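Quantities reported herein were computed from a predicted structural model and do not represent experimental measurements.
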Amino acid sequence: MTDATHPILESAQGQAIPVHPLAEGEVEAFLAQKRAPVRTYAAANKFSGKAGQVLAVPGASGAVERVLLGIGSGRVDLSLFRTLAGKLPAGEYALAKLPRGIDPEQAALAFALGTYRFDRYKKRGEPIPRLVAPKGVDVAAVTAFAHACALARDMVNTPANDMGPLQIETIAGEIAEKYGATLSVVRGDDLLKENYPAIHAVGRAAVEVRSPRMIEVTWGDLDHPVLALVGKGVVFDTGGLDIKPSAGMRLMKKDMGGAAHALALGRMVMEARLPVRLVILTPVVENAIAGDAMRPGDVLQTRAGLTVEVGNTDAEGRLILADALTRAAELKPALTLDFATLTGAARMAMGPFVIPFWTPDDKLAAQIETASKTVSDAVWRMPLTEAYREALDSDIADLKNDPDGWAQAGATTAALFLQRFAPNAEEAGSWAHFDVFAWNPKGRPGFPVGAEVHAIRAAFAMIKSRFA
């Protein structure tokens, strides 16, 4: 997404087509003031103002003269502006008004997200609709935010042959260079020397050029509170020796979605120059199959000093996050957020459009929930149920990575596993875990099938209010 083709404009470069957001109760009065052809066209197309309806009304020449956007009868959802972008033909548009209670900057961002296309392997060059920014919008801020989201989606959409550990390291380096941050990378067998044994164990079976690594980006004033963002970066997950079936392996290029989310969110924080000491931690591996791959029954060391019995090599994400969260705890952060495409159980509970999160901090949970509603980025708090913790007990190690079947709550037991390694309120600050999907399985206007950013818009809004 280049500046030249970015969908948000400072001002009209031509004659912008007006877009009229209309509630169901406003349609009749609005049309009564328009020419007969407009009324006839709206009636013929059964435009009623229902949420999500988009009607491009042609003028005498046949070109689009105005657009009617249905916003329903209740609270206006920001995703309607994303849907709008997905339904409009190329051209320049301007909102004739903003519905009450809608932040113009969030509306512009939603529109920008709805124009996203992944065309790395299909150079179509299709023109996109563009929106003249509503009055008072910081176009540069919206542009930077949309670029960060597009970067994460590009990373997730790119197949593993072109998005390996080296490529993620390169992207982290480019972000660090852009914002004057410091990049530190520990690779291959050096992970053992630097005490990241679980990351090494998961990634050691990959070929040397795709060797595992721990990537750390640091930015901000030393005197500011530490904000740690942790992202799971499994560039491809075969399942290891507990190999996945082909259907389960098909989308595993997206198993580095947590790392993409952490990098994108970190970029947003740096762009906004929030008063924090930011640390982005992304353990990056390929869960490959080879003669030295970790085995079911192996007992692994971790940076925290806890031992983990491997019950299932396909539960590898929590193993690399264990070392990364331990590293975060060492920094005494005021806040730690981790993002991971961790469990299918999260999808069984919430589906693809709502992201579950876990935290022991009620105040933090309330802040996340408030931010989620403000920016229409759906999340839902799940419990860290103590009764399930014993499902992680191992007979020969401190804990195991596959919980006993009786617990059933696979997403929650994964969160309980991570909590053993995460910073805690007694020694550091608050922690929250997001089990993201990073994918749209169903295409709809503004939401094409493919990579998606989940929860980081809500996370950014929460971080901004918490620290700024």
Side-chain angles (χ1 to χ4, degrees), residues 158-170 185-215 231-259 281-327 340-344 392 394-403 414 417-418 421:
T158 301
N161 59 314
D162 286 330
M163 188 56 63
L166 176 60
Q167 286 76 21
I168 293 180
E169 178 185 330
T170 300
V185 184
V186 182
R187 307 175 190 86
D189 290 342
D190 285 344
L191 289 164
L192 296 175
K193 298 177 185 177
E194 298 298 327
N195 194 24
Y196 293 106
I199 297 173
H200 181 271
V202 174
R204 71 191 182 206
V207 295
E208 185 175 356
V209 73
R210 297 170 72 84
S211 60
R213 59 205 69 196
M214 179 66 188
I215 300 170
K232 171 189 169 185
V234 179
V235 297
F236 193 81
D237 182 17
T238 64
L241 294 179
D242 288 313
I243 190 168
K244 293 178 182 287
S246 58
M249 210 183 294
R250 177 63 181 86
L251 287 181
M252 283 301 100
K253 68 176 184 178
K254 76 177 186 69
D255 213 20
M256 39 59 67
L281 302 165
T282 55
V284 182
V285 303
E286 178 163 15
N287 190 17
I289 299 172
D292 60 347
M294 64 175 177
R295 295 162 288 266
D298 283 358
V299 175
L300 306 184
Q301 300 293 325
T302 67
R303 185 177 183 87
L306 296 172
T307 55
V308 180
E309 181 183 9
V310 179
N312 190 325
T313 62
D314 196 20
E316 83 299 330
R318 66 199 69 185
L319 297 173
I320 65 172
L321 288 172
D323 277 358
L325 286 168
T326 302
R327 170 58 182 157
T341 51
L342 203 61
T343 68
L392 295 167
S394 165
D395 293 332
I396 63 171
D398 292 315
L399 67 168
K400 58 188 178 185
N401 75 333
D402 63 329
F417 180 96
L418 296 182
F421 301 90

| Beyond-backbone contact of Arg318 with Val308, side-chain heavy atoms, under 4.5 angstrom | no
| Between Lys232 and Glu316, does at least one N-O distance fall below 4.0 Å, as a salt bridge requires? | yes
| query | Roughly how far, to the nearest 0.5 Å, is the NE2 atom of His200 from the CG atom of Leu192? | reply | 4.0 Å
| field | Shortest non-hydrogen separation from Pro197 to Asn195 and the atoms involved | value | CD-C, 3.2 Å
| message | I need the minimum non-hydrogen distance between Ala288 and Ala293, along with the two atoms involved. | response | O-CB, 3.9 Å
| said: If we ignore hydrogens and angles and just use 3.5 Å, is the side chain of Asp398 paired with the main-chain N or O of Thr307 as donor and acceptor? | reply: yes
| request: Can you measure from CG (Asp314) to CG (Asp402) and round to the nearest 0.5 angstrom? | output: 10.5 Å
| task | Could you tell me whether a side-chain N or O of Arg295 sits under 3.5 Å from a main-chain N or O of Leu241, the two making a donor and an acceptor? | result | no
| query | With a 4.5 Å heavy-atom cut-off, do Val202 and Pro212 have their side chains touching? | reply | no
| Between CE of Met256 and CD of Gln167, what distance do you get to the nearest 0.5 Å? | 10.5 Å
| said: Nearest 0.5 Å, please: how far is NZ in Lys400 from CG in Leu300? | reply: 15.0 Å
| remark: Tightest non-hydrogen contact, residues Ile320 and Ala198, listed as CG2-O, 4.4 Å
| task | Could you tell me whether the side chain of Asn401 and the main chain of Thr313 form a donor-acceptor pair under 3.5 Å? | result | no
| said: Nearest 0.5 angstrom please: Ile199 CD1 to Thr282 OG1, how far? | reply: 9.0 Å
| query | Listed by chain and number, what are the side chain to side chain contact (heavy atoms under 4.5 Å, CB included) partners of Glu194, not counting sequence neighbours? | reply | Val186, Tyr196
| query | Which heavy atom in Thr343 sits nearest to a heavy atom in Ala414, and how many Å separate them? | reply | CG2-CB, 3.7 Å
| message | Can you confirm whether Phe421 sits close enough to Leu306 that some side-chain heavy atom of one is under 4.5 Å from a side-chain heavy atom of the other? | response | yes
| query | Does a donor on one side chain sit under 3.5 Å from an acceptor on the other, for Asp323 and Thr302? | reply | no
| task | Would you check, one step at a time, whether the test side-chain contact (heavy atoms from CB on, under 4.5 Å) holds for Met249 with Ile243? | result | CA-CA 9 Å; Met249 210 183 294; Ile243 190 168; 3.7 Å; yes
| request: State, to 0.1 Å, how close Gly240 and Asn287 come at their nearest heavy-atom pair, and which atoms those are. | output: N-ND2, 3.4 Å
| query | Is there side-chain contact between Lys253 and Met163, with heavy atoms separated by less than 4.5 Å? | reply | no
| said: So Met252 and Thr238, do their side chains get closer than 4.5 Å, heavy atoms only? | reply: no
| query | Any idea which heavy atoms bring Ala205 and Ala290 closest together, and the distance? | reply | O-CB, 3.5 Å
| said: Within the structure provided, determine whether Val284 and Glu169 are in side-chain contact (heavy-atom separation under 4.5 Å). | reply: no
| query | At what distance, to the nearest 0.5 angstrom, does CD of Glu309 lie from CD1 of Ile396? | reply | 4.0 Å
| query | Given Phe417 and Leu342, is the side-chain contact (heavy atoms from CB on, under 4.5 Å) satisfied, shown in steps? | reply | CA-CA 12 Å; Phe417 180 96; Leu342 203 61; over 6 Å; no
| query | Are the charged groups of Lys193 and Asp190 less than 4.0 angstrom apart, N to O? | reply | yes
